[in-house]
Amino acid sequence: HAKKNGRNRYDWFEPKMEQDLRSRAELENGILAGIARGEFLPFYEQQVDIETGALTGFEMLARWQSPHLGLVSPDKFIPVAEELGVIADLSESVIGQALRDARDWDSRLTLAVNISPVQMRDPWFAQRLLKLMAEANFPPERLEIEITEMCLSENIGLVRSLVTSLKNQGVTVSLDDFGVGYATLAQLRALPFDRIKIDRAFVSRLARSEDTAAVIATIASIGEGMNLPVTAEGIETETLRDSLLRIGTFKGQGYFYGKPETAEQVRTRLKSEARLAIDARAALAGMD
Ligand code: C2E
Ligand code: MG
Ligand code: MG
Ligand code: MG
């Protein structure tokens, strides 16, 4: 809202506001040009079995390599791309790159991608994603989509049919950022989810509060009851990992395991660590 300022009713030309409008316009133009120039890149964060430390896959997190702003985080450009109506173009460009990167990893490793609720308003979304996988020669069984409860307030009938088409082709579906919003037990059943991801706000609070341990334990037992495995995100320290291990069985990710890395860094990592990950998984398989 413009401020009322005596006889000058609206001071539209307050320098700060003018500056904000100009930088917003620059941001919008930069994003549009950046999509055309291929400046949006996939980074990858490790996902592991916290009990064995075995690598199970990576979550792709988009970054914008802007010639003017440097490396920009998705919290800055995703909302703007949604408002500009270009989120699908941006998303499909980074997912396409990610599918081609991940195709060359060990075939047991999964790729998780975040999908905006805006993309789930497109009746052709599932077809488009399947087409990207076909073009990249990437098996849908290795793809996991992460959606938030925001998708559940959209046209739930459409969202359910999109999710069902993808699941029929082998894609798995996670509920991201569980615990921060209003997601309830009923919402967990609104879609055939395969996994729950506990938001990192909870995990980081675990170090400071006993209540949080009880909340996470509750989520873990809901997950167990509904046959939904749980991933904990934002594991920054060994202490947090150990606290989680005492509560239950989780997949995990976070800076303790590794920060998001480029495709090239992942390639190098997999060359040196592949044996480790495979051995750990083989050992786990041998236990049951
Ligand atoms: P998210 O999917 O919940 O991803 C987790 C975020 O937490 C990532 O931030 C990740 O870098 C950060 N993170 C992970 N582990 C730790 C940790 O141990 N400590 C701390 N401090 N942070 C950690 P990022 O990459 O900035 O992404 C933010 C959000 O942007 C994501 O939240 C996701 O909702 C969205 N996003 C990212 N890429 C895409 C995309 O391609 N499409 C869409 N629609 N959304 C995306
Ligand atoms: Mg996510
Ligand atoms: Mg999350
Ligand atoms: Mg988030």
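Just follow the structure's listing: the first ligand is 1, and inside any ligand the first atom is 1. As the structure is a prediction and not an experimental result, all values here were calculated from the model.
Note: Trp105 and Phe138 fail the aromatic proximity criterion, with ring centroids not under 6.0 Å apart.
Taking every non-hydrogen atom of Ser116 and a distance limit under 4.0 Å, the qualifying atoms of ligand 1 come out as 44 (N). Each of the following atoms of ligand 1 lies closer than 4.0 Å to a heavy atom of Gly254: 15 (N), 18 (O). Taking every heavy atom of Pro74 and a limit of under 4.0 angstrom, the matching atoms of ligand 1 come to 24 (P), 25 (O), 26 (O), 27 (O), 28 (C), 30 (O), 36 (N), 37 (C). Within the listing of ligand 1, atoms 3 (O) sit less than 4.0 angstrom from a heavy atom of Asp177. Residue contact check: Glu45 has heavy atoms under 4.0 Å from atoms 10 (C), 11 (O), 13 (N), 14 (C), 15 (N) of ligand 1.
Of the inter-residue distances, the one linking Ile147 atom CD1 with Leu152 atom CG reads 6.5 Å to the nearest 0.5 angstrom.
The Mg ion (ligand 2) is the vertex of the angle joining OD1 of Asn114 and OE1 of Glu146, which measures 90° to the nearest 10°. Centred on the Mg ion (ligand 2), the angle running from Asp176 (OD2) to Glu59 (OE2) is recorded as 180°, rounding to 10°. With the Mg ion (ligand 3) as vertex, Glu233 OE1 and Asp177 OD1 subtend 150°, rounded to 10°.
Close N/O approach between Asp199 and ligand 1 is not found [any backbone or side-chain N/O within under 3.5 Å]. For the pair Ile78 and ligand 1, the shortest N or O to N or O distance does not fall below 3.5 Å.
Only one option out of Lys259, Arg195, Lys197 pairs with Glu59 in a salt bridge (charged side-chain N to carboxylate O under 4.0 Å, His left out); it is Lys197.
Relative ring orientation between Phe40 and Trp64 is described as parallel, the plane-to-plane angle staying below 30° on a 0-90° scale split at 30° and 60°.
Both tests pass for Arg63 against the ring of Phe43: distance under 6.0 Å to the centre and angle within 45° of the axis.
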